[in-house]
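Remember, it's 1-based here, ligands and their atoms both numbered in the order they're listed. What's counted below: heavy atoms across the whole structure, side chains too, no hydrogens, waters or symmetry copies.
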Amino acid sequence: MTSEPLGVGIVGLGRAFMLTLPALVGHASIRIAGAMDPRPEARARFENEFRTRSYETLEGLLGDLAVEAVYIASPHAFHAEQTIAALEAGRHVLVEKPMATTLADCIAMADAADRTGRVLMVGPSHGFDAPVRLAADLIARGDLGTVRLVTALNYTDFLYRPRRPEELDSQQGGGVVYSQATHHIDVVRRLVARDLRSVRALTGDWDPERSTEGAYSALVTFSGGAAASIGYSGYGRYDSDELMDWVSELGQRKNPESYGAARSRLTEGTSEPEVVLKLERAYGALGIDDQPDPAAFHEHFGFVLVSCEEADLRLTADGVWVYGNSSRIFHALPPPDMPRSAPIEDLVRAVRFGRTPIHDGRWGAQTVACCDALLRSSREQREIFLSLSGRDQNQTLSKGVTQCRD
Ligand SMILES: NC(=O)c1ccc[n+]([C@@H]2O[C@H](COP(=O)([O-])OP(=O)(O)OC[C@H]3O[C@@H](n4cnc5c(N)ncnc54)[C@H](O)[C@@H]3O)[C@@H](O)[C@H]2O)c1
């Protein structure tokens with residue numbers, strides 16, 4: 001055991017890194033120890049700002065003894081291979097959501113963590129948001145009764161933010177399911193705190209110019225009888241932040257008058273290819289000092305209402321309303337110190353103090369299994385059951401990873 005800061009290497013210096021950067025830099029027990037990215041301009045900026053080495057290849061980064069753990073924030077397609085390589089090189093891993101885009105890859109990743117005895121965590125995701133954790137804690141006290149139903153809605157402009165081609169290609173894990181339903185599923189799993197049972201879903205592919213899953217509606221059921229209805233549209237029309245008092249996903253005040261901004265930015269006033277526009281929001285074009293003002297509110301993933309036996313709970317960006325039979329009480333949260341600090345704290349606790357994180361490899365694999373089931377349910381127009389420990393499944397599955405069952 002050491003009290004030295006954990007040396008973290010970054011794999012993929014893109015948009016996700018920009019979002020997690022403040023929490024990494026702001027944590028006293030983390031030291032940014034290196035990075036890997038194919039883009040020379042991002043590497044040059046990183047070396048200059050962090051005064052540490054960067055590499056063009058993962059092998060280079062994993063050969064650097066200052067790197068004890070890696071935060072993998074590369075595109076989805078690389079998560080599995082890079083996670084397994086890092087674990088086998090003796091490094092702990094925090095991998096972005098989705099953990100991977102096939103259940104087989106997720107299982108291989110979780111197995112590699114078991115085999116090597118290293119920490120594997122999946123995140124950040126909105127399952128870590130402070131209002132979600134507060135609501136889960138209130139439910140776990142027991143006096144509100146068990147969860148019966150969760151209603152969760154998020155209407156965003158996801159599809160019209162600048163995208164890499166593969167982010168709009170369903171065959172490569174594009175569309176809103178692996179990128180956004182992973183958040184929704186993590187949120188409802190934290191609240192219900194029971195095993196996933198089945199999914200019945202419909203997905204929508206409504207813009208031929210950007211043909212992929214851009215919307216879904218799903219009923220996710222859990223052992224014990226609870227169900228969660230999750231609905232999402234990324235088509236940039238209605239904005240459900242209206243239901244969150246005009247606080248954005250990242251906890252910032254939002255101007256309702258900026259209606260349609262994502263679509264118009266994409267189509268007007270620029271001849272730049274979309275991938276170039278996307279990089280304008282990534283590390284490289286932006287740097288450590290290009291952070292928005294500190295968020296006054298907590299991050300959220302849209303409207304969430306939890307119906308328990310004795311009360312309803314509504315999550316807001318600054319706390320949780322509990323609606324009982326004769327009174328309603330607001331449980332206020334203090335403003336956030338730092339966005340996305342919870343997964344970084346969990347990583348430090350897991351590596352330095354041996355605490356098993358909730359969002360470990362098996363957790364991430366179950367969330368991906370639920371995404372697979374969502375897509376399959378829509379395709380086959382039927383309910384898909386997820387099995388936790390079928391007798392005919394191999395040992396890995398019996399250890400707790402859910403897979404689809406006919
Ligand atoms: N948790 C969140 O809220 C959140 C937000 C955004 C993105 N993400 C996730 O982060 C991942 C990256 O998405 P993004 O939006 O940051 O993409 P991005 O395009 O902004 O960044 C990807 C970065 O990875 C680099 N890269 C490309 N190939 C690579 C490779 N083989 N190895 C290492 N780096 C490579 C690119 O040069 C780029 O710097 C995705 O899996 C996405 O789902 C999560």
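In plain terms, the two heavy atoms of A282 and L13 that are nearest each other are CB-O, 4.4 Å.
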Inventory of protein N or O atoms under 3.5 Å from ligand 1 N or O:
{"from": "ligand 1", "atom 1": "1 (N)", "to": "E96", "atom 2": "OE1", "distance (Å)": "2.9"}
{"from": "ligand 1", "atom 1": "1 (N)", "to": "P124", "atom 2": "O", "distance (Å)": "3.0"}
{"from": "ligand 1", "atom 1": "3 (O)", "to": "R340", "atom 2": "NH1", "distance (Å)": "2.9"}
{"from": "ligand 1", "atom 1": "3 (O)", "to": "R340", "atom 2": "NH2", "distance (Å)": "3.3"}
{"from": "ligand 1", "atom 1": "13 (O)", "to": "R164", "atom 2": "NH2", "distance (Å)": "3.4"}
{"from": "ligand 1", "atom 1": "15 (O)", "to": "K278", "atom 2": "NZ", "distance (Å)": "2.8"}
{"from": "ligand 1", "atom 1": "16 (O)", "to": "R15", "atom 2": "N", "distance (Å)": "3.1"}
{"from": "ligand 1", "atom 1": "16 (O)", "to": "A16", "atom 2": "N", "distance (Å)": "2.7"}
{"from": "ligand 1", "atom 1": "17 (O)", "to": "R164", "atom 2": "NH2", "distance (Å)": "2.9"}
{"from": "ligand 1", "atom 1": "19 (O)", "to": "R164", "atom 2": "NE", "distance (Å)": "2.7"}
{"from": "ligand 1", "atom 1": "20 (O)", "to": "R15", "atom 2": "N", "distance (Å)": "2.9"}
{"from": "ligand 1", "atom 1": "32 (N)", "to": "Q82", "atom 2": "NE2", "distance (Å)": "2.9"}
{"from": "ligand 1", "atom 1": "37 (O)", "to": "D37", "atom 2": "OD1", "distance (Å)": "2.8"}
{"from": "ligand 1", "atom 1": "37 (O)", "to": "D37", "atom 2": "OD2", "distance (Å)": "3.4"}
{"from": "ligand 1", "atom 1": "37 (O)", "to": "R39", "atom 2": "NE", "distance (Å)": "3.1"}
{"from": "ligand 1", "atom 1": "39 (O)", "to": "L13", "atom 2": "O", "distance (Å)": "3.4"}
{"from": "ligand 1", "atom 1": "39 (O)", "to": "D37", "atom 2": "OD2", "distance (Å)": "2.6"}
{"from": "ligand 1", "atom 1": "39 (O)", "to": "R39", "atom 2": "NE", "distance (Å)": "3.2"}
{"from": "ligand 1", "atom 1": "39 (O)", "to": "R39", "atom 2": "NH2", "distance (Å)": "2.9"}
{"from": "ligand 1", "atom 1": "41 (O)", "to": "H76", "atom 2": "ND1", "distance (Å)": "2.8"}
{"from": "ligand 1", "atom 1": "41 (O)", "to": "H79", "atom 2": "NE2", "distance (Å)": "3.2"}
{"from": "ligand 1", "atom 1": "43 (O)", "to": "K97", "atom 2": "O", "distance (Å)": "2.9"}
{"from": "ligand 1", "atom 1": "43 (O)", "to": "K97", "atom 2": "NZ", "distance (Å)": "3.2"}

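No side-chain donor-acceptor contact under 3.5 Å links E383 to the backbone of R200. Of the possible donor and acceptor atoms, one in the side chain of S378 sits under 3.5 Å from a partner among the backbone N and O of T203. R43 places a side-chain N or O within 3.5 Å of a backbone atom of D37 that can act as its donor or acceptor partner.
Between F128 and H359, the ring centre distance stays below 6.0 Å.
The salt bridge (Lys or Arg N to Asp or Glu O under 4.0 Å) analysis of residues 204-220, with sequence neighbours excluded, yields the pairs R210-E274.
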